[in-house]
Amino acid sequence: MNDSNAATPAAIPSAESGGEGLRHTSNFLRDIIAEDVRNKTFGDAAIQTRFPPEPNGYLHIGHAKAICIDFGLADEFGGKTNLRFDDTNPEKEEQEYVDSIQKDVRWLGFEWERLCYASDYFPQLFEWALQLIRSGYAYVDDLTAEEIRQYRGTLTEPGRDSPYRNRAIHENLDLFVRMKAGEFPDGSRVLRAKIDMASPNMNMRDPVMYRILHATHHRTGDEWCIYPMYDFAHGQSDSIEHVTHSMCTLEFADHQPLYRWYIEQLGIFPSQQIEFDRLNLTYTLLSKRKLLQLVEEKRVNAWDDPRMPTLSGIRRRGFTPEAIRAFCAAIGATRTNGITDLEMLEHFQRDDLNRRARRAMAVLHPLKLVIDNYPADKVEFVDVANNPEDPAAGTRQAPFSRELYIEQDDFREVPPPKYYRLSPGKEVRLRSAYFVTAQSVVKAADGSLVEVHCTYDPLSRGGNSPDGRKVKSTMHWVSAAHAISAEIRLYDKLFSKPDPYDFAEGGDIFDNLNPHSLEVLTGAKLEPSLAAANLDDRYQFERVGYFCLDPDSTPGHLVFNRTLALKDTWAKIEKKTGKEPGT
RNA sequence: UGGGCGAUCGUUCAAUGGUAGGACAGUGCCCUUUGGAGGCACUUAUCCAGGUUCGAAUCCUGGUCGCCCAGCCA
């Protein structure tokens with residue numbers, strides 16, 4: 001295994017051929033921004049957006065949609081995007097996550113204008129809180145969390161005012177400053193906005209602005225023991241950064257009145273919040289909390305397990321940023337809530353890899369094929385196209401000899417209907433090499449197939465017969481003496497149901513985990529050129545699927561991940577006509 | 001059942017009062033030195049009921065259905 005930095009023949013071209021050609025149709029976010037630009041809603045100021053993850057987990061494909069929207073739309077209008085960590089809850093946040101998030105955003109292909117942290121605004125936020133207290137719009141509440149919940153009322157009943165609601169301003173000021181000074185234990189008091197306990201919008205029923213948390217923050221350490229809530233940090237952070245369009249997911253729609261209320265009371269830059277639908281994908285879990293659980297309970301190996309929908313997971317799996325961006329462009333943004341077929345993502349990934357991945361021959365389940373009329377000591381090298389989709393990718397030479405490996409599936413002693421591959425008496429083409437005709441088989445004592453014997457047509461070198469006769473099938477192969485062995489990891493869906501949340505009463509989401517999501521093959525035989533594979537290379541193992549090297553590889557032990565299988569018409573036929581017993 | 005938001009092929013996204021279209025999936029055919037890729041074709045949709053209008057997926061009214069909200073999470 002080589003280092004992944006060097007440019008090699010196999011490194012996929014950073015072709016943005018599919019990327020820049022992304023067709024975007026209209027969507028309501030673009031329309032709103034275009035309208036604001038036309039109306040000069042924000043004067044001559046440039047469009048400014050932000051991508052605001054909380055560093056409490058790894059980014060996943062759902063975040064990729066948000067990233068493409070936040071960065072993509074700003075870029076379209078000549079604007080800029082900040083990466084801002086919404087780090088207002090020290091109990092869940094870690095440096096590990098802020099590092100991985102930056103890496104993932106860059107990997108997706110975006111660069112931020114400024115790197116920001118809500119925690120950088122803690123002093124300003126504190127000043128603004130004092131301002132609201134002074135103007136009578138905030139108060140310190142001594143109710144317990146449970147009492148606050150009870151006073152809040154329900155969806156159908158209005159809440160009641162806290163007995164502390166009309167505390168004198170000087171008393172509120174004094175208590176809040178002492179909260180900050182660390183005089184009170186966690187949970188003993190909060191600062192609340194004084195709005196309307198009878199509002200039909202629960203978020204307006206005197207929302208908590210600050211809570212006491214004697215916790216060490218990953219950036220500010222022990223400097224603070226009071227932390228602002230999301231609602232008293234997000235809009236203000238947007239405002240400080242002069243974010244013009246603050247795009248977030250639909251579940252925050254109910255927060256918009258509060259977002260605006262704080263900005264208006266404070267008289268600061270009027271950032272505007274716009275909500276869009278979050279991504280849902282069939283067979284895929286997109287909840288940071290649940291994903292964390294998968295990792296902590298060791299149901300997967302790590303955040304970057306290739307079965308995970310995290311960006312680090314699908315990156316290791318072999319997915320490319322170009323494909324993910326194309327996918328995000330295709331799914332667009334709306335305010336409806338639906339579930340996108342996983343096939344859609346897979347389609348854009350296959351499409352990208354088909355154009356760019358170098359071809360190679362690899363036999364996953366080897367079966368020995370012996371060419372009886374081929375000299376035992378002869379080796380010749382045949383030219384093989386590196387990518388039929390891209391002649392510029394050139395050719396390579398593959399060693400060919402008397403004993404080869406072919407795929408077990410490519411031979412049937414008794415061929416089922418419509419089976420075009422090798423069977424006794426049938427002639428097929430070995431890709432870029434020769435026509436061969438199966439003659440006989442050798443079996444072990446237990447009846448299992450050991451090897452297939454065939455004869456070849458020396459005149460068909462390169463894969464065509466001078467007499468113009470056709471064969472139905474072209475098969476991949478590797479020379480037994482030259483093949484390298486490798487471990488192959490085949491991945492399937494992590495969940496076996498389109499909706500992972502579709503489980504029986506009393507069960508849980510993990511009941512739907514697919515027990516066959518990982519299959520490890522240890523005896524695969526690869527063409528020798530694959531020994532030089534790099535981590536960044538993307539391959540199509542012809543007729544099998546797309547593969548990439550896994551970081552677990554060592555010079556003596558190569559490990560390849562299957563990104564996606566190729567579409568398989570024969571498998572479909574087989575499924576439809578009922579399973580054949582095989583050989 | 002208080003409030004907010006939404007409803008177009010199986011899925012997803014368009015159509016911005018004027019011919020309901022694309023992509024994915026599916027099916028069939030053609031082509032193929034990958035049963036890959038590609039090409040062609042086919043199937044299928046405006047939630048319901050009224051109204052406005054020459055004309056409605058689009059505007060209005062009333063239903064129906066779905067999602068979100070009662071953290072000192074974000």
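Being a predicted model, the structure only gives us computed values, none of them experimental.
Where A:Asp341 and A:Asp277 each meet RNA chain B at their nearest nucleotide, the meeting point lying more 5' is that of A:Asp341. The 5' end of RNA chain B is approached more closely, in terms of each residue's nearest nucleotide, by A:Leu566 than by the other of A:Leu566 and A:Arg149.
Residue A:Thr156 places none of its side-chain N or O atoms closer than 4.0 Å to OP1 or OP2 of B:U1. The shortest distance between the side-chain N/O atoms of A:Lys567 and the OP1/OP2 oxygens of B:A25 is below 4.0 Å. A sub-4.0 Å separation between OP1 or OP2 of B:C24 and a side-chain N or O of A:His347 is present. Of the side-chain N and O atoms in A:Arg289, none sit less than 4.0 angstrom from OP1 or OP2 of B:A74. Of the side-chain N and O atoms in A:Lys572, one or more sit less than 4.0 angstrom from OP1 or OP2 of B:G26. Within the 4.0 Å cut-off from OP1 or OP2 of B:C5, not a single side-chain nitrogen or oxygen of A:Thr336 is found.
As judged by a 4.0 angstrom heavy-atom cut-off over every strand, A:Gln540 is placed among the base-contacting residues. Note on A:Arg152: only backbone sugar-phosphate atoms sit closer than 4.0 angstrom, heavy atoms only; bases stay farther off. Residue contacts for A:Ile226: at a heavy-atom cut-off of 4.0 Å it reaches no nucleic acid atom on any strand shown. Contacts of A:Arg335 with the nucleic acid, taken as non-hydrogen atoms under 4.0 Å apart, involve only primed sugar atoms and P, OP1 or OP2. Contact annotation for A:Asp254: base contact, defined as any heavy-atom pair under 4.0 Å involving a base atom. Here A:Gly332 lies out of heavy-atom contact (under 4.0 Å) with every strand. Counting any heavy atom pair closer than 4.0 Å across all strands shown, A:His476 reaches no nucleic acid atom.
Rounded to whole angstrom, the span from the OH atom of A:Tyr420 across to the C1' atom of B:C31 amounts to 13 Å. In this structure, A:Asn387 places its CG atom 13 Å from P of B:G38, rounding to the nearest Å. Separating the OH atom of A:Tyr501 from the P atom of B:G66 is a distance of 20 Å, rounded to the nearest angstrom. Rounded to an integer number of Å, the gap from A:Leu155 CG to B:C69 C1' is 6 Å.
You'll find the side chain of A:Ile61 stays beyond 4.5 Å of the side chain of A:Phe319, heavy atoms only. A heavy-atom distance below 4.5 Å is not found between the side chains of A:Asp409 and A:His365.
Under the Watson-Crick or G-U wobble criterion, with both distances below 3.5 Å, B:U52 is left unpaired in every strand shown. In this structure, B:G38 and B:C30 make a Watson-Crick or G-U wobble pair, each of the two defining distances being under 3.5 angstrom. Pair assignment for B:C72 gives none, since no Watson-Crick or G-U wobble pairing has each distance under 3.5 Å. The partner of B:U64, taking Watson-Crick or G-U wobble pairs whose two distances both stay under 3.5 Å, is B:A7. Of all nucleotides present, none satisfies the Watson-Crick or G-U wobble test against B:U58 with each distance under 3.5 Å. In this structure B:G21 sits in a base pair with B:C13, meeting the Watson-Crick or G-U test at under 3.5 Å. Under the Watson-Crick or G-U wobble criterion, with both distances below 3.5 Å, B:A45 is left unpaired in every strand shown.
Comparing the C1' positions of B:A15 and B:U8 gives a spacing of 10 Å, expressed to the nearest Å. B:C13 and B:U53 have their P atoms separated by 34 Å, given to the nearest Å. Comparing the C1' positions of B:U19 and B:U12 gives a spacing of 23 Å, expressed to the nearest Å. Here the separation of B:C59 from B:G38, taken at their P atoms, is 38 Å to the nearest Å. Comparing the same atom, P, in B:U43 and in B:G4 gives a spacing of 43 Å after rounding to whole Å. A gap of 15 Å separates the P atoms of B:C48 and B:U11, to the nearest Å. Atom C1' of B:U61 sits at a distance of 34 Å from the matching atom of B:G22, rounded to the whole Å. B:A45 and B:C60 have their P atoms separated by 26 Å, with the value rounded to a whole Å.
An anti orientation is assigned to B:G51, its glycosidic angle lying beyond 90° of 0.
Donor-acceptor pairing under 3.5 Å is lacking for the side chains of A:Asn201 and A:Ser199. If you check the side chains of A:His476 and A:Arg359, you find no donor sitting under 3.5 Å from an acceptor.
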_Stepwise side-chain hydrogen bond (donor to acceptor under 3.5 Å, both in side chains) test for A:Glu54 and A:Tyr97_ = CA-CA 9 Å; A:Glu54 181 187 14; A:Tyr97 300 133; over 6 Å; no

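Side-chain to base pairing of A:Glu343 with B:G10: no donor and acceptor N or O lie closer than 3.5 Å to each other.
Remark: the backbone N or O of A:Phe252 is paired with a side-chain donor or acceptor of A:Gln273 at under 3.5 angstrom.
For the pair A:Arg160 and A:Tyr151, the distance from NZ or CZ to the six-membered ring centre is under 6.0 Å and the angle to the ring normal is within 45 degrees.
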